[in-house]
Amino acid sequence: MKPAVLEVMRMNRVCRMVLVTSVGSFILVIFYFQSMLLPVMRRNPFGMDICCRKGSRSPLQELYNPTQLSNTAILHQIRRDQVTDTCRANSVLSRKRRVLTPNDLKHLVVDEDHEMIYCYVPKVACTNWKRVMMVLTGRGKYSDPMEIPANEAHVSSNLKTLNQYSIPEINHRLKNYMKFLFVREPFERLVSAYRNKFTQKYNTSFHKRYGTKIVRRQRKNATQEALRKGDDVKFEEFVAYLIDPHTQREEPFNEHWQTVYSLCHPCHIHYDLIGKYETLEEDSNYILQLAGVSNYLKFPTYAKSTRTTDEMTTEFFQNISSEHQTQLYEVYKLDFLMFNYSVPSYLKLE
């Protein structure tokens, strides 16, 4: 059964309004939950008129006040409910901080023209989504996302992020723009990050920055060459590094293996749409439809031959001890629960 079908079977409640108020140089985010029935989805969830572009409906209006209620809209409502319920059930863990600083918003890309905010998560099609955002915000400079080189999509100056705005401007956009992100099965994303950053010879910056540290801490009797280059990190060593308490005390995880709830703060910021890597094309084009650009812009559909699969992920975990598997699951547990991913069958949890 497809993930989307499984999600539709869930019972739901509706998480509605997020009130954001500024406190000095910080953003204080307060959640309001309201039980509602599905037919009420047509109502404005913010209890106010959503500003829209002159002569057209905003993406938020298209989402919450659709001309016709579709199965797709219901599916995304269920995904929002899953996040709401997980945040509420795990409030101590998921909301250790009630305050976000502007620096916490550096992953939220803003599209002023279409009133959208996209929180990018590395290893979840973020290169292609950044390309799409460059088309949307380029005002005619770009027309085909795939004509934009991958390295150009990751140049920070090519896209504006929410942390670059003033506090009042941030609050306005969080309240009035459609916010979305894309997620992926957590361990498949983790293996994808490991393969990309530690098994490719060209990623020397990651080898130097992280590989040498991992070898030094996790490998007994490491050679001088391995300590110097850090280009042969084993997956078992990478996992040991992630679950080592010293690692997170020292500094936050790199964005490529950081948890989604730490990158995008879904327990503090109300996301209107949660796309999934498993339904990437359908979810992406639904967002473009809401933005009113689907007649001239489609999400790139090509498939990478080197893509990390579930079968590949299973193989990588075969040599991880049950103790380390259990500890690693605890690190990513909220991502599993929040985005409705079941515990992988290959795990041997203690």
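What you see is a predicted model, and the numbers here were worked out from it, not measured in a lab. Just so you know, residue 1 is the first one in the sequence shown, and it goes up from there.
Looking at Tyr118, Tyr120, Tyr277 one by one, the single match for ring pair (Phe, Tyr, Trp, His ring centres under 6.0 Å) with Trp129 turns out to be Tyr118.
Remark: Lys160 is positioned above the aromatic ring of Tyr165, its terminal NZ or CZ atom under 6.0 angstrom from the ring centre and at most 45 degrees off the axis. Seen from the ring of Tyr271, Lys179 does not count as a face-on cation partner, given the 6.0 Å and 45° thresholds.
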Tell me, with the steps shown, if Val110 and Leu159 meet side chain to side chain contact (heavy atoms under 4.5 Å, CB included). CA-CA 8 Å; Val110 180; Leu159 291 166; over 6 Å; no

With side chain to side chain donor-acceptor pair (under 3.5 Å) as the test, would you mind laying out the steps for Gln82 and Arg79 before giving the verdict? CA-CA 5 Å; Gln82 178 72 19; Arg79 290 180 181 177; over 6 Å; no

Check against side chain to side chain donor-acceptor pair (under 3.5 Å), Thr212 and Arg228: CA-CA 6 Å; Thr212 54; Arg228 186 178 73 257; over 6 Å; no

Give the C-alpha distance, both sets of side-chain angles, the deciding distance and a yes or no for side chain to side chain donor-acceptor pair (under 3.5 Å) between Tyr346 and Glu311. CA-CA 10 Å; Tyr346 56 78; Glu311 294 76 14; over 6 Å; no

Start with the C-alpha distance between Phe235 and Phe317, add both sets of side-chain angles, then the distance that settles ring-ring contact (aromatic ring centres under 6.0 Å, His included), and finish with yes or no. CA-CA 8 Å; Phe235 186 65; Phe317 272 84; 5.5 Å; yes

Might you work through the side chain to side chain contact (heavy atoms under 4.5 Å, CB included) test for Arg88 and Cys267, ending with a clear yes or no? CA-CA 8 Å; Arg88 186 158 39 203; Cys267 288; over 6 Å; no

Stepwise, does the side chain to side chain contact (heavy atoms under 4.5 Å, CB included) test hold for Leu328 with His324? CA-CA 6 Å; Leu328 189 68; His324 282 189; over 6 Å; no

Please step through side chain to side chain contact (heavy atoms under 4.5 Å, CB included) for the pair Ile287 and Met178, ending with a clear verdict. CA-CA 9 Å; Ile287 290 169; Met178 186 178 79; 3.9 Å; yes

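Within the 4.5 Å cutoff, no side-chain heavy atoms of Asn203 are placed close to those of Phe198. In this structure, His172 and Ile170 have side chains that are not in contact, with every pair of non-hydrogen atoms separated by 4.5 Å or more. Residues Val183 and Asp335 have side chains not in contact (no heavy-atom distance under 4.5 Å, counting atoms from C-beta outward). The shortest distance between side-chain heavy atoms of Val109 and Thr137 does not fall below 4.5 Å. You'll find the side chain of Phe299 stays beyond 4.5 Å of the side chain of Pro145, heavy atoms only. Pro300 places none of its side-chain heavy atoms less than 4.5 Å from the side chain of Arg131. Taking the side chain as every heavy atom from C-beta outward, Leu100 and His265 approach each other to under 4.5 Å. Residues Arg217 and His246 meet the side-chain proximity criterion, which asks for heavy atoms closer than 4.5 Å.
A side-chain donor from one of Thr101 and Asp104 sits under 3.5 Å from a side-chain acceptor of the other. Side-chain contact, Tyr142 with Glu152: a donor N or O sits under 3.5 Å from an acceptor N or O. Side chains of Asp111 and Tyr177: no donor on one and acceptor on the other come within 3.5 Å. Between the side chains of Glu169 and Ser166, at least one donor N or O lies within less than 3.5 Å of an accepting N or O. A donor and an acceptor atom, one from each side chain of Thr279 and Asp283, are located under 3.5 Å apart. Under the 3.5 Å distance criterion, with hydrogens and angles disregarded, a donor-acceptor pair is assigned to the side chains of Tyr341 and Glu278.
Asp232 CG to His207 NE2: the interatomic distance, rounded to the nearest 0.5 Å, is 9.0 Å. The structure places CZ of Arg216 at 10.5 Å from CD of Gln218, a figure rounded to the nearest 0.5 Å. With rounding to the nearest 0.5 Å, the separation of CH2 in Trp257 from CG in Leu242 is 7.5 Å. A distance of 8.0 Å separates CD of Gln325 from CD of Gln318, quoted to the nearest 0.5 Å. Taking CG from Leu181 and SG from Cys126, the interatomic distance works out to 12.0 Å, rounded to the nearest 0.5 Å. One finds the OH atom of Tyr332 at 9.5 Å from the OG atom of Ser262 (value rounded to the nearest 0.5 Å).
Listed for the Gln61 side chain is a donor-acceptor partner under 3.5 Å among the backbone atoms of Ser58. The main-chain N or O of Ala240 is never found under 3.5 Å from a side-chain atom of Asp244 such that the two would form a donor-acceptor pair. Judged by distance alone, with hydrogens and angles left aside, the side-chain atoms of Lys276 form a donor-acceptor pair with the main-chain N or O of Phe339 at under 3.5 Å. Judged purely by atom type and a 3.5 angstrom limit, Glu185 uses its side chain to pair as donor or acceptor with the backbone of Phe187. Without hydrogens or angle criteria, Thr314 side chain to Asp310 main chain gives a donor-acceptor distance under 3.5 Å. Judged purely by atom type and a 3.5 angstrom limit, Arg195 uses its side chain to pair as donor or acceptor with the backbone of Thr306. Looking at Ser192, its side chain never comes within 3.5 Å of a backbone N or O of Glu188 through a donor-acceptor pair.
Of all the heavy atoms in Asp231 and Lys201, the pair that sits closest is O-NZ, 3.6 Å. For the pair Leu227 and Val215, the tightest heavy-atom approach, listed with the atom from each and the gap, is CD2-CG1, 3.9 Å. The shortest heavy-atom contact between Ala153 and Thr127 is CB-O, 4.0 Å. Listed here is the closest heavy atom pair of Ser143 and Val135: O-CG1, 4.0 Å. Residues Val191 and Thr313 come closest through the heavy atom pair CG2-CG2, 3.8 Å. When every heavy atom of Pro102 is checked against every heavy atom of Ile167, the shortest pair comes out as CG-CD1, 4.0 Å.
When hydrophobic clusters are built by joining Ile, Leu, Val, Met, Phe, Trp and Tyr residues whose side-chain heavy atoms come closer than 4.5 Å, directly or via intermediates, Met134 is grouped together with Tyr296. Following chains of ILVMFWY side-chain contacts shorter than 4.5 Å, one cannot reach Val155 starting from Leu162, and the two form parts of different hydrophobic clusters.
For Tyr194 and His256, the ring centers are positioned 6.0 Å apart or more.
Glu251 and Arg209 are joined by a salt bridge, as a carboxylate oxygen and a charged side-chain nitrogen come within less than 4.0 angstrom of each other. Between Glu250 and Lys213 there is a salt bridge, since at least one side-chain N of the basic residue sits less than 4.0 Å from a carboxylate O of the acidic one. The pair Glu281-Lys298 does not meet the salt-bridge criterion, since no charged nitrogen lies less than 4.0 angstrom from a carboxylate oxygen.
Residue Gln224 places its CD atom among 12 or fewer non-hydrogen atoms of other residues, nucleotides or ligands, all under 6.0 Å distant.
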